[in-house]
Amino acid sequence: MTSKAIRLGIISAVQEEQAGLIESMQDTQTLTRGMRHYISGRLWDTDCICVLSRMGKVAAAATAAMLIERFDVSHIIFTGVAGSADPDICVGDLVIATHLVQHDMDASPLFPRFEIPLTGLSRFSTDAALSARLAVAGRDFLSQDFQAAIDSVDREKFRHVQPRLHHGLIASGDEFVSSRARLLQLKQGLPDLLAVEMEGAAVAQVCHEFGIPFAIIRTISDDADESSAVDFMRFIEKVAARYAFHVVRRFCHAP
Ligand code: ADE
């Protein structure tokens with residue numbers, strides 16, 4: 001897979017998560033449909049369409065379907081934030097999904113819990129090559145850009161020492177997880193869960209149905225507990241936005 005061959009859809013849930021990317025785009029054109037602005041152009045070496053989905057599974061699914069049908073994207077990546085669902089994963093770490101599950105899908109007893117009815121599937125696999133390329137970008141960001149990109153005040157505040165990159169299961173649902181008890185409930189059903197968010201598995205289902213390779217990268221913004229909403233928007237603005245910018249820049253083969 002070369003940059004030249006791909007037409008990449010880049011989705012984030014909220015504006016701050018794409019800050020900087022739109023400004024870096026060249027030859028841009030904007031199309032507004034369904035209350036979303038789809039901005040196409042070149043990002044460094046890559047033909048891209050950037051769009052904000054807003055939060056939640058329906059919003060993410062509608063956005064992904066539009067990217068595929070209207071913009072003919074060949075690949076989709078989603079960059080955003082997530083709550084940690086594993087004690088080994090800290091605020092500031094990156095998680096790249098190997099699989100995604102919709103944790104609020106439960107059509108039992110008609111179908112097993114988590115299974116998407118009439119598909120036989122409960123977990124959607126991400127594209128290995130796209131995820132590997134995203135992992136290189138993420139790892140290089142953490143080892144080469146992180147210190148300079150993130151203000152020392154923010155690094156201190158968010159207790160960053162040396163952030164790490166993880167791979168594994170991400171779960172999505174129409175719920176901001178903000179209690180330890182709720183997180184433990186989710187972990188009981190999904191013991192290998194690494195992170196929770198609100199969009200990835202919806203994008204995953206749409207991409208699966210259309211046969212579009214996709215990858216999901218998340219910066220851990222909180223511990224999905226009672227403190228998860230504290231400083232949430234500040235984290236996105238000061239930290240996650242920089243992560244997303246540099247990871248996508250590296251992904252798109254910037255000089
Ligand atoms: N995105 C970031 N943190 C989250 C949380 N705690 N729950 C759901 N989505 C999130």
Side-chain angles (χ1 to χ4, degrees), residues 10-19 51-61 63-64 77-97 99-106 114 123-124 126 134 138 150 154 157-160 163-205 214-245 247:
I10 304 176
I11 312 176
S12 303
V14 298
Q15 197 193 342
E16 291 77 3
E17 289 170 331
Q18 277 191 2
V51 56
L52 304 173
S53 59
R54 301 193 299 277
M55 291 163 78
K57 301 205 316 294
V58 172
T63 308
I77 61 172
F78 194 110
T79 71
V81 293
S84 170
D86 187 293
D88 196 38
I89 298 182
C90 304
V91 170
D93 285 0
L94 283 169
V95 178
I96 292 181
H99 297 85
L100 293 112
V101 61
Q102 295 176 23
H103 69 65
D104 53 0
M105 174 56 76
D106 188 354
F114 304 126
R123 293 180 178 208
F124 295 98
T126 52
L134 208 46
I150 310 298
D154 291 307
K157 195 165 160 64
F158 296 116
R159 295 187 296 280
H160 291 137
R164 291 176 301 157
L165 178 80
H166 309 264
H167 298 267
L169 179 66
I170 293 181
S172 315
D174 287 321
E175 171 185 359
F176 186 82
V177 180
S178 59
S179 94
R180 192 90 212 130
R182 177 62 181 139
L183 183 64
L184 290 176
Q185 234 177 30
L186 291 174
K187 281 287 273 190
Q188 253 170 17
L190 301 164
D192 53 338
L193 182 62
L194 297 191
V196 287
E197 38 88 315
M198 299 177 66
E199 298 85 16
V203 171
Q205 182 178 343
F214 71 97
I216 312 279
I217 185 165
R218 295 283 184 171
T219 303
I220 297 299
S221 55
D222 58 84
D223 290 324
D225 61 8
E226 283 69 6
S227 70
S228 59
V230 178
D231 283 338
F232 183 73
M233 285 318 292
R234 182 184 161 82
F235 182 90
I236 292 184
E237 192 187 326
K238 298 286 179 191
V239 182
R242 310 262 164 88
Y243 273 59
F245 177 81
V247 170

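Just so you know, ligand 1 is whichever comes first in the structure, and atom 1 is the first atom listed for that ligand.
- Close placement of the Phe176 and Phe232 rings is indicated, their centers lying within 6.0 Å of each other.
- Looking at atom 4 (C) of ligand 1, its nearest protein heavy atom turns out to be Phe176 CE1, 3.4 Å.
- Side-chain atoms of Arg234 and Asp154, non-hydrogen and from C-beta on, do get closer than 4.5 Å to each other.
- Heavy-atom separations between Arg218 and ligand 1 are all 4.0 Å or longer.
- Protein heavy atom at the shortest distance from atom 9 (N) of ligand 1 is Glu197 CA, 3.3 Å.
- Counting heavy-atom neighbours within 6.0 Å of Glu226 CD, excluding the residue itself, gives a total above 12.
- One distance of note links CE of Met198 with OG of Ser53; it measures 10.5 Å at 0.5 Å rounding.
- Heavy-atom proximity to Ala224, at under 4.0 Å, picks out these atoms of ligand 1: 6 (N).
- Residue-to-ligand polar distances place Val177 within reach of ligand 1: an N/O pair is separated by less than 3.5 Å.
- Every atom of ligand 1 is numbered from 1 in the order shown, and the set under 4.0 Å from a heavy atom of Gly83 is 2 (C), 3 (N), 4 (C).
- The NE2 atom of His167 sits 9.5 Å away from the CG atom of Leu134 when rounded to the nearest 0.5 Å.
- Taking 4.0 Å as the cut-off, Ala82 counts as a neighbour of ligand 1 on heavy-atom distance.
- Considering only non-hydrogen protein atoms, atom 3 (N) of ligand 1 sits nearest to Asp222 OD2, 2.6 Å.
- Applying the 4.0 Å criterion to heavy atoms of Phe232 picks out, from ligand 1, the atoms 2 (C), 3 (N).
- Distance NZ/Lys57 to CG/Asp174: 4.0 Å, rounded to 0.5 Å.
- No hydrogens or angles considered: a donor-acceptor pair under 3.5 Å links the side chains of Ser172 and Glu197.
- Annotation for ligand 1: atoms under 4.0 Å from non-hydrogen atoms of Ser221 are 2 (C), 3 (N).
- Under the 3.5 Å distance criterion, with hydrogens and angles disregarded, a donor-acceptor pair is assigned to the side chains of Thr79 and Ser12.
- Nearest protein heavy-atom contact of atom 10 (C) of ligand 1 is Val196 O, 3.6 Å.
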